[in-house]
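Let me begin by presenting the structure, written as structure tokens, before commenting on it.
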Amino acid sequence: MESQQSLTMKEKLGYACGDVASNIYWRVFDVFLFIFYADVFGLPAAVVGTMMLVTRLIDAFSDPMMGALADRTQTRFGKFRPYLLWGVLPIAASGVLTFSSPELSDSGKVVWAYATYIFMMLSYTFINVPYGALLGVMTSDSQNRTTLTSFRFIGAFSGGSLVAYLTPELVQWFGQGNEAVGWRLTMVLYGVVAGALFVVTFLSTKERVLPMQSQPTPVMRDLKDLLKNKPWLILFGLAMVVMITISLRASSGTFYIKYYAQRPDLIGSFSLVYLLALGVGAALTPILTRYIDKRRLLAWLMTGVALCCALFYWIDHDDIELMFIGQIAIGLMLGPKSPLVFSMYADTADFSEWKHKRRATAMVFSAAAFSQKLGGALAGAMIGWLLAYYGYQANLVQSDASQWAIVLLMSLIPALFAVIAVLIIIPYPLSEARLKSIQQQLAAEKLTSKTSLGVK
């Protein structure tokens, strides 16, 4: 069957380019946006935290809508690939506007931040939801999906690593002492590079898995199907909690190195080693899944993440070597998380089609993006509110209370959420054997349907 055929290296690399492009933006959001708003644009930490919660909640509700739109798109290029072209200009423009610092009043700055950040996240949704859904229609084989997802996240972590390391240098080089100019020109460069990579993904991929139903179903019916999909509901909760864990450490990591370790020169390197470790972990995922069930592997990995995060609470501010070792260890254990979860999302789309006789791939992935954005929103709010409560002051030596809050955000708080993630994943019901049986039944039903219609 065409849907089962092996993917070429060209397709795997081409698909990975899309997440290199996506993470040029996502990593900038995750690592630098909070500190840009607080230390460059001049917004209070509590305002930034509230803004991130409100804007991401607004954007999160757009994900299922985007998924429904993509599932109902019909073009000669497929359902999802065209959005990789249509979304290039909006995401490039929104990135530049978000990291611009116009001279405005305090209230004007808040309005500007809300408006441009919402625009940026909506633009990201417009291109990233179809990109994520493309995984579910390039192949229907579970192991191939895990391999393809590993390529995707190797690309993601590679792109993220470059961005994390190069961004401070680029801002300084472009700005020549003016950070506001440096940020704006850096985002212009990123927009050009990301646009070219999305075009590569469009040209090198193919949609193979076709839905069983011939006519689109109502959007509310797709949503009701999701709410009856137990494996997807478990992954929804898992993705949200894991994203809280990741976002807490990613955004607070810049504060941790700048204010607790008092080594702002190491911000890029600290992010780089973490992202390289994520890439190595992602690359190892197809090997690990040959011997360990996805559910058990995730539970073990998140247990390790919880322990390593907790250890950060006891690291002294001048023990830089131990900070880097701990960061690398956490990256290695979190690296397989994204390939595992996203390949499992594709599996839940098969489960939904088997159970309800309708396929809504983009809806599955868009609602998954909703949970991740919700997790990121909650993490951003926690960071802003906690820093404000303990007296954080931008670009100044922090008080003992403020430094303690920064350490908590890097250690015990994300450790708690990692433990919650372990408890959530334990009841996941799609074993490899059950999934294989479901996919065989789906293939037989589609073959029977084609035969009855006289399709050869």
Side-chain angles (χ1 to χ4, degrees), residues 16 19-20 23 26-27 30-31 146-165 238-239 241-254 256-257 261 266-315 319-344 372 375 409-422 425:
D19 230 16
V20 175
N23 271 267
W26 189 262
R27 195 55 56 186
D30 217 23
V31 178
T146 301
T147 301
L148 183 60
T149 313
S150 296
F151 270 82
R152 170 188 178 176
F153 284 101
I154 292 171
F157 300 141
S158 299
S161 299
L162 289 172
V163 166
Y165 183 73
L238 177 72
V241 171
V242 173
M243 186 53 63
I244 292 174
T245 308
I246 293 172
S247 294
L248 281 172
R249 299 193 80 259
S251 294
S252 61
T254 51
Y256 182 82
I257 295 297
L266 294 179
I267 290 174
S269 299
F270 192 67
S271 299
L272 176 63
V273 297
Y274 170 66
L275 289 163
L276 289 176
L278 287 174
V280 173
L284 293 174
T285 307
I287 299 173
L288 294 172
T289 54
R290 290 177 185 174
Y291 306 103
I292 308 173
D293 179 79
K294 294 177 185 178
R295 179 184 62 84
R296 284 187 296 147
L297 180 58
L298 271 173
W300 291 351
L301 290 170
M302 292 309 297
T303 299
V305 169
L307 293 173
C308 287
C309 286
L311 289 176
F312 264 79
Y313 186 76
W314 289 277
I315 297 178
D319 198 342
I320 304 298
E321 183 177 345
L322 189 56
M323 291 178 188
F324 273 72
I325 292 172
Q327 190 78 334
I328 292 170
I330 291 171
L332 288 171
M333 288 182 286
L334 280 176
K337 168 263 168 190
S338 293
L340 288 171
V341 171
F342 274 82
S343 67
M344 291 163 77
Q372 289 191 298
L409 290 167
M410 279 291 286
S411 59
L412 298 184
I413 297 177
L416 173 62
F417 283 103
V419 171
I420 294 172
V422 174
I425 193 59

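These figures come from a predicted structure and were not determined experimentally. All heavy atoms count here, side chains included; hydrogens, waters and symmetry mates do not.
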Quick check: closest heavy atoms across [X] and [Y], and the distance to 0.1 Å?
X    : Y    : result
L275 : A164 : CD1-CB, 3.4 Å
V241 : A421 : CG1-N, 3.8 Å
I328 : A277 : O-CB, 3.4 Å
V305 : A418 : CG1-CB, 4.1 Å
C309 : P414 : SG-CB, 4.3 Å
G375 : I244 : O-CG1, 3.3 Å

Can you tell me how far apart [atom1] ([X]) and [atom2] ([Y]) are? Round to the nearest 0.5 Å.
X    : Y    : atom1 : atom2 : value
T147 : I287 : OG1   : CD1   : 10.0 Å
S411 : L416 : OG    : CG    : 11.0 Å
L278 : L332 : CG    : CG    : 8.0 Å
I425 : L238 : CD1   : CG    : 5.0 Å
F270 : M323 : CZ    : CE    : 7.5 Å
M333 : L298 : CE    : CG    : 13.0 Å

Subject >> CA sep, side-chain torsions, deciding dist, call: F324, S269, side-chain contact (heavy atoms from CB on, under 4.5 Å) >> reply: CA-CA 9 Å; F324 273 72; S269 299; 4.1 Å; yes
Original post:
Should T289 and L297 be marked as a side-chain contact (heavy atoms from CB on, under 4.5 Å) after you check the CA-CA gap, both sets of side-chain angles, and the distance that decides it?
Top reply: CA-CA 8 Å; T289 54; L297 180 58; 4.2 Å; yes
**OP:** Step by step, work out the side-chain contact (heavy atoms from CB on, under 4.5 Å) result for L301 and K337.
**Re:** CA-CA 8 Å; L301 290 170; K337 168 263 168 190; 5.9 Å; no
**OP:** Check whether any side-chain heavy atom of V163 sits under 4.5 Å from a side-chain heavy atom of W26, and report yes or no.
**Re:** no
Original post:
Does the side chain of R249 reach to within under 4.5 Å of the side chain of L409, using non-hydrogen atoms?
Top reply: no
Original post:
How far apart are the C-alpha atoms of I315 and Y256, what are their side-chain angles, what is the distance that settles it, and do they pass the side-chain contact (heavy atoms from CB on, under 4.5 Å) test?
Top reply: CA-CA 12 Å; I315 297 178; Y256 182 82; 4.2 Å; yes
Original post:
Within the distance-only criterion (no hydrogens, no angle test), does the side chain of S271 pair as donor or acceptor with the backbone N or O of G268 below 3.5 angstrom?
Top reply: no
Original post:
Do side-chain atoms of R152 reach the backbone of A16 as a donor and acceptor pair under 3.5 angstrom?
Top reply: no
**OP:** Decide if atom CZ of F312 counts as having more than 12 heavy atoms of other residues, nucleotides or ligands within a radius under 6.0 Å.
**Re:** yes
